Number of protein chains: 2
Amino acid sequence: MPDATDSRQPRKLTMQDVARAAGVSPMTVSNCFRYPERVQEKTRTQVLKVAAELGYVPNLSAGLLAAGTSRVIGAVLPSMRNSSFYRYTAGLREAAAERGYAVITMIAETPAEELSAVQTLLGLRVAGLALIAGPHARELKRMVELSSTPVVEAWAGEDAIGRGVGYDVGAASAELTRHLIAQGRRRIGFVDVAGGGGMRYSMRLPAFRREMFSAGLSDDLVMTVRAADGFGAGAQIIDGFLARDRRIDAVLCPTDVVAAGAIFECNRRGLAVPGEIAVAGWGDYDIGRQITPTLTTVAPFSDAIGRGAVSMLLDGGSGRGAEPLRTAFNVLPREST
Amino acid sequence: MPDATDSRQPRKLTMQDVARAAGVSPMTVSNCFRYPERVQEKTRTQVLKVAAELGYVPNLSAGLLAAGTSRVIGAVLPSMRNSSFYRYTAGLREAAAERGYAVITMIAETPAEELSAVQTLLGLRVAGLALIAGPHARELKRMVELSSTPVVEAWAGEDAIGRGVGYDVGAASAELTRHLIAQGRRRIGFVDVAGGGGMRYSMRLPAFRREMFSAGLSDDLVMTVRAADGFGAGAQIIDGFLARDRRIDAVLCPTDVVAAGAIFECNRRGLAVPGEIAVAGWGDYDIGRQITPTLTTVAPFSDAIGRGAVSMLLDGGSGRGAEPLRTAFNVLPREST
DNA sequence: ACTTTTCGTTGTAGCGCTACAATTTTAGGA
DNA sequence: TCCTAAAATTGTAGCGCTACAACGAAAAGT
């Protein structure tokens with residue numbers, strides 16, 4: 001049986017194989033990938049060519065084990081449904097790519113899932129971990145602290161796990177409230193959001209109350225929805241507020257999607273927006289630009305949050321408990337107010 | 001200087017440390033994490049407790065290197081903006097979790113980014129790789145073939161990289177077309193989509209043409225938009241079709257978002273939907289359920305695609321070039337047609 | 001020509017873990 | 001009580017790579 005062992009199952013390709021094929025030592029191959037400038041142009045070109053022909057892809061795990069560092073950043077997201085997070089990850093990816101890092105993300109919809117995602121990422125020994133503010137599992141904080149991996153928490157305030165990065169939600173809420181007051185609105189309803197994501201926005205309501213108080217207006221018109229309701233919350237909101245005060249003249253919604261739902265409901269009822277009632281959203285989602293009337297909203301520049309996260313992770317130094325990085329926001333007045 | 005070395009920088013914790021602290025051998029610790037059933041209940045509880053106290057997280061890279069396999073699946077997504085992909089990843093995660101696997105995802109918006117994401121994932125030696133159909137870099141196919149990592153391509157047809165999994169887009173398109181014809185529509189416009197994602201839906205138009213031909217109707221009313229246009233394409237579509245045929249009585253849109261844009265435009269113009277013109281979307285997005293009138297659409301059950309992808313990856317065997325796995329779809333007639 | 005500097009390349013050792021076989025302990029019969 | 005089978009635990013070797021120090025070979029001084 002001459003050919004018995006010849007059934008060429010493409011045995012796993014190692015750096016050794018590439019080295020042999022290129023007639024250099026394994027270390028030279030390693031250097032070609034990791035520190036190209038250490039290798040003479042000619043040698044490098046040759047080695048890389050051979051590697052490509054063979055279809056060699058360096059084993060990052062082995063490299064990590066040997067070197068103790070990887071060039072991968074891990075990000076955990078609570079969901080992907082929302083365009084703020086989309087831009088956030090885009091910011092992460094751009095900033096990471098500029099420094100030669102890759103970003104891997106894991107979705108986690110519950111604190112328990114988040115914990116297990118963090119375990120996986122820590123197990124992979126990522127160079128940095130980017131979390132999103134929200135309710136966390138109790139063990140999470142201790143776990144990341146013990147890991148000595150740099151961690152940032154996006155959309156976080158003072159009490160962040162790791163370092164915080166985000167815009168000043170309270171200031172944005174205050175500015176948006178002042179905008180409505182300046183437009184002559186007097187009976188302003190505020191929609192709060194309960195549950196997970198709510199944590200990221202807990203400063204909205206107090207800031208609203210403060211501004212209303214300063215202007216001598218009532219801050220009673222507050223109701224709570226679950227963010228998950230999306231468009232569907234619109235009817236509920238308009239119903240609820242009208243039942244409490246027929247003459248309500250403005251509504252502050254927790255997201256543009258909820259605000260769009262509210263506007264759809266106003267249309268159905270023949271309530272003129274912004275003639276009879278103004279509606280403001282939050283987050284600068286696509287939909288806010290497309291509906292009629294266009295939606296007044298707060299632009300969070302989420303990509304800047306992502307970029308900031310990467311820079312804190314990678315050059316953040318040992319800033320234990322350093323104060324959060326504040327990114328910019330912008331109140332965008334449009335047709336709906 | 002007694003305390004010089006006492007500045008306790010929490011030196012990296014290894015399995016060794018846990019073993020020592022728990023009074024067992026490293027192998028027992030390893031087994032506790034990997035094959036819990038091999039370890040006596042009592043021992044395992046004790047070891048796990050010690051590990052948790054110490055904040056030990058096993059180094060997956062080292063484990064992978066030693067064992068040659070990891071329990072991580074890599075997924076590459078072209079974007080996160082769209083709720084089909086959201087449900088797809090949810091399906092991936094559920095099915096993977098049931099089998100004790102984790103899913104890490106990377107976003108790639110261009111073929112070049114996709115290639116580099118695949119390199120990273122292959123470098124991590126993931127247990128399987130889930131790709132999305134679309135334009136790929138030329139080197140991609142060879143790279144994944146050489147890697148001998150199981151690969152699936154979701155939304156793919158016959159010519160998939162690795163194995164394909166997805167629903168029969170042509171059949172769905174035909175069924176939706178027949179639905180409109182059965183409703184008495186005769187002058188039906190078809191909106192095609194150009195660019196990246198278009199690839200995933202290239203079977204829509206031929207199927208539409210076939211059905212129109214069978215019914216003895218004209219299939220001339222075809223226009224193309226870029227998917228990226230989102231809501232904005234609505235006006236363009238309605239404008240364009242009316243300019244070509246004032247009596248057009250139905251429009252088939254490439255996504256629910258585009259269809260919603262078209263409905264908004266019809267509302268602005270006072271064109272009754274479905275009275276004067278029927279509008280159908282594609283993809284069963286949230287918005288289609290929320291607008292008035294609710295939108296007729298095709299539900300792709302994207303989570304089933306994700307689940308199917310995992311099962312092909314993990315029990316797919318050596319099915320080189322096996323035929324694609326076909327998942328279900330459903331035409332959902334609602335108010336807009 | 002001979003030393004010094006600089007650059008490019010190469011062995012060696014070991015990162016933290018797990019497969020596997022060997023070993024010890026425990027349970028089950030006779 | 002002793003013997004065998006089964007279960008639980010443990011050494012050893014090595015996965016593929018990179019840090020580091022050592023080395024050889026050109027380049028630059030003297």
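Within every chain, numbering begins at 1; the chains are lettered A, B, ... in the order of the sequence lines, protein sequences first and strands thereafter. Remember, it's a predicted structure, so these values are computed and weren't measured experimentally.
The separation between B/Arg125 atom CZ and C/dC17 atom C1' is 17 Å, rounded to whole Å. B/Met15 places its CE atom 14 Å from the C1' atom of C/dC15, with the value rounded to the nearest Å. For the pair B/Leu60 CG and C/dT18 P, the interatomic distance rounds to 9 Å; values are reported in whole Å. In this structure, the CG atom of B/Asn59 is 12 Å from the P atom of C/dC15, given to the nearest Å. The distance from atom CD of A/Gln16 to atom P of C/dT10 is 12 Å, rounded to the nearest whole Å. Rounded to a whole Å, the CG atom of B/Leu64 is 10 Å from the P atom of C/dT18. B/Leu13 places its CG atom 15 Å from the C1' atom of C/dC15, with the value rounded to the nearest Å. Between A/Leu124 atom CG and C/dC17 atom P the separation is 13 Å, expressed in whole Å.
Between the side chain of B/Thr43 and the backbone N or O of B/Val39, no donor-acceptor pair lies under 3.5 Å. Distance alone, capped at 3.5 Å, places no donor-acceptor pair between the B/Gln46 side chain and the B/Lys42 backbone. Judged by distance alone, the side chain of B/Arg44 and the main-chain N or O of B/Pro36 form a donor-acceptor pair under 3.5 Å. Side-chain atoms of B/Arg142 come within 3.5 Å of backbone N or O of A/Glu53 as a donor-acceptor pair. A donor-acceptor distance shorter than 3.5 angstrom exists from the side chain of B/Glu153 to the backbone of B/Ile161, with no hydrogens or angles considered.
Side-chain proximity of A/Thr14 to the nucleotides D/dG16, C/dT10, C/dT18 is greatest for D/dG16.
Remark: of the listed residues A/Ile73, A/Val152, A/Leu121, A/Leu121 is the sole one forming a side-chain contact (heavy atoms from CB on, under 4.5 Å) with A/Leu129. Of the listed residues (B/Asp17, B/Val50, B/Leu13), just one forms a side-chain contact (heavy atoms from CB on, under 4.5 Å) with B/Tyr56, and that residue is B/Leu13.
Look at A/Ser25 and you'll find a side-chain N or O under 4.0 angstrom from OP1 or OP2 of C/dT10. Phosphate contact (OP1/OP2 of D/dG16, side-chain N/O of A/Tyr56, threshold under 4.0 Å): absent.
At a non-hydrogen distance threshold of 4.0 Å, B/Met27, B/Ser30, B/Arg34, B/Tyr35 from residues 27-51 of chain B come into contact with DNA chain C.
Among the heavy atoms of the strands, none lies under 4.0 Å from B/Gly68.
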